[in-house]
**Q** 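Following this message is one structure expressed as structure tokens.
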Amino acid sequence: MGHAEHARRAAETIRDASPLRPQTAVVLGSGLGGFVSAVRDAVELPYADIPHFPCATAPSHAGRLLIGTLAGRPAYVFSGRFHYYEGLSFKRAAFYVRVLHALGVRDLLLTNAAGLINLDFAPGDLMLVRDHINFSGQSPCRGRNLDTLGERFFDMSDAYSGELRALAHAAAEETGVPLREGVYAYMTGPQYETPAEIRALGILGADAVGMSTVPEVIEAAHCGLRTLCISCLTNYGAGLSPDPLRGDEVNENAAARAGDLSALLLAILARL
Ligand code: HPA
């Protein structure tokens with residue numbers, strides 16, 4: 001059975017679990033799982049019950065899909081995502097995007113926790129991702145291309161949809177939640193960066209750094225989903241502060257910003 005068939009089967013299971021037919025999916029990053037309390041009338045599917053889904057193992061990633069309503073609209077909410085550092089390939093980490101495409105989803109709203117590099121920003125800031133730099137050399141689209149899904153060689157210049165970013169800024173204005181904008185550097189992890197790496201990433205144009213999101217953004221650009229990503233800047237990148245980096249601190253700081261991020265996401269959803 002090929003990848004496409006796997007995606008079709010996973011989509012079938014998800015479709016059978018709820019009569020809702022969302023056109024929007026939200027993915028919750030590290031420490032941001034609290035947003036699930038905003039989902040109304042949810043049906044819950046553990047990832048283990050969805051055929052061919054990888055299991056989420058990262059700390060604070062619960063590993064379940066909620067199908068419910070947000071701001072009065074149907075939505076898929078993924079609590080827990082998939083990472084390359086867990087041992088998954090880029091293709092496996094981005095598999096759920098193929099499933100969303102099979103389900104007819106149009107918009108993908110991603111969140112993550114990231115370290116800040118640009119010192120104009122402060123820990124706790126929310127940063128709309130304008131673009132990324134993929135420091136892995138990997139792609140989920142490596143291998144035979146499925147022409148029905150997208151082109152072999154595809155454009156990445158609007159991978160973080162300009163339309164959705166404009167809408168996010170409008171939502172930020174309306175809710176009064178400050179929203180910065182910048183470039184996200186992807187590093188594979190699981191180790192945090194070295195201070196020299198953080199300096200190098202800054203020189204190369206990155207404003208923030210993290211270990212997620214990029215595989216699925218590439219897959220989404222391939223199959224034509226509109227994508228938005230908001231990073232919660234949980235900490236200074238290595239070497240920018242005297243404190244050593246700790247994963248539990250990242251989660252705590254993300255959780256502390258979950259209220260504002262939720263308000264912003266709901267205002268964005270209401271405008272879709
Ligand atoms: N580096 C990489 N990933 C991260 C960081 C960081 O400093 N903070 C949260 N995710």
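These numbers come from a predicted model, not from an experiment. As the structure lists them, so they are numbered: ligands from 1, and atoms in each ligand from 1.
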**Q** Quick one, L70 and F35 - any side-chain contact, counting heavy atoms below 4.5 Å?
**A** yes
**Q** Any protein N or O within less than 3.5 Å of an N or O in ligand 1? List each pair with its distance, or say none.
**A**
from: ligand 1; atom 1: 1 (N); to: E193; atom 2: OE1; distance (Å): 2.7
from: ligand 1; atom 1: 1 (N); to: E193; atom 2: OE2; distance (Å): 3.4
from: ligand 1; atom 1: 7 (O); to: N235; atom 2: ND2; distance (Å): 2.9
from: ligand 1; atom 1: 8 (N); to: G115; atom 2: N; distance (Å): 3.3
from: ligand 1; atom 1: 8 (N); to: N235; atom 2: OD1; distance (Å): 2.7
from: ligand 1; atom 1: 10 (N); to: A113; atom 2: O; distance (Å): 3.3

**Q** Distance-only criterion, 3.5 Å: show the donor-acceptor pairs between side-chain atoms of residues 264-272 and protein atoms not counting sequence neighbours.
**A**
from: R271; atom 1: NE; to: E174; atom 2: OE1; distance (Å): 3.4
from: R271; atom 1: NH2; to: E174; atom 2: OE1; distance (Å): 2.6

**Q** Would you please indicate yes or no on a ring centroid separation below 6.0 angstrom for Y96 and F78?
**A** yes
**Q** Flag the pair D248 / R246 as yes when at least one side-chain heavy-atom distance between them is below 4.5 Å, and no otherwise.
**A** yes
**Q** Tabulate below the donor-acceptor pairs under 3.5 Å that side-chain atoms of residues 184-193 make, not counting sequence neighbours, or state none.
**A**
from: Y184; atom 1: OH; to: M211; atom 2: N; distance (Å): 3.3
from: Y184; atom 1: OH; to: S212; atom 2: N; distance (Å): 3.1
from: Y184; atom 1: OH; to: S212; atom 2: O; distance (Å): 3.1

**Q** Please write out which residues are connected to L149 in a hydrophobic cluster, directly or through intermediates, given that two of Ile, Leu, Val, Met, Phe, Trp, Tyr count as joined at side-chain heavy-atom separations below 4.5 angstrom.
**A** L146
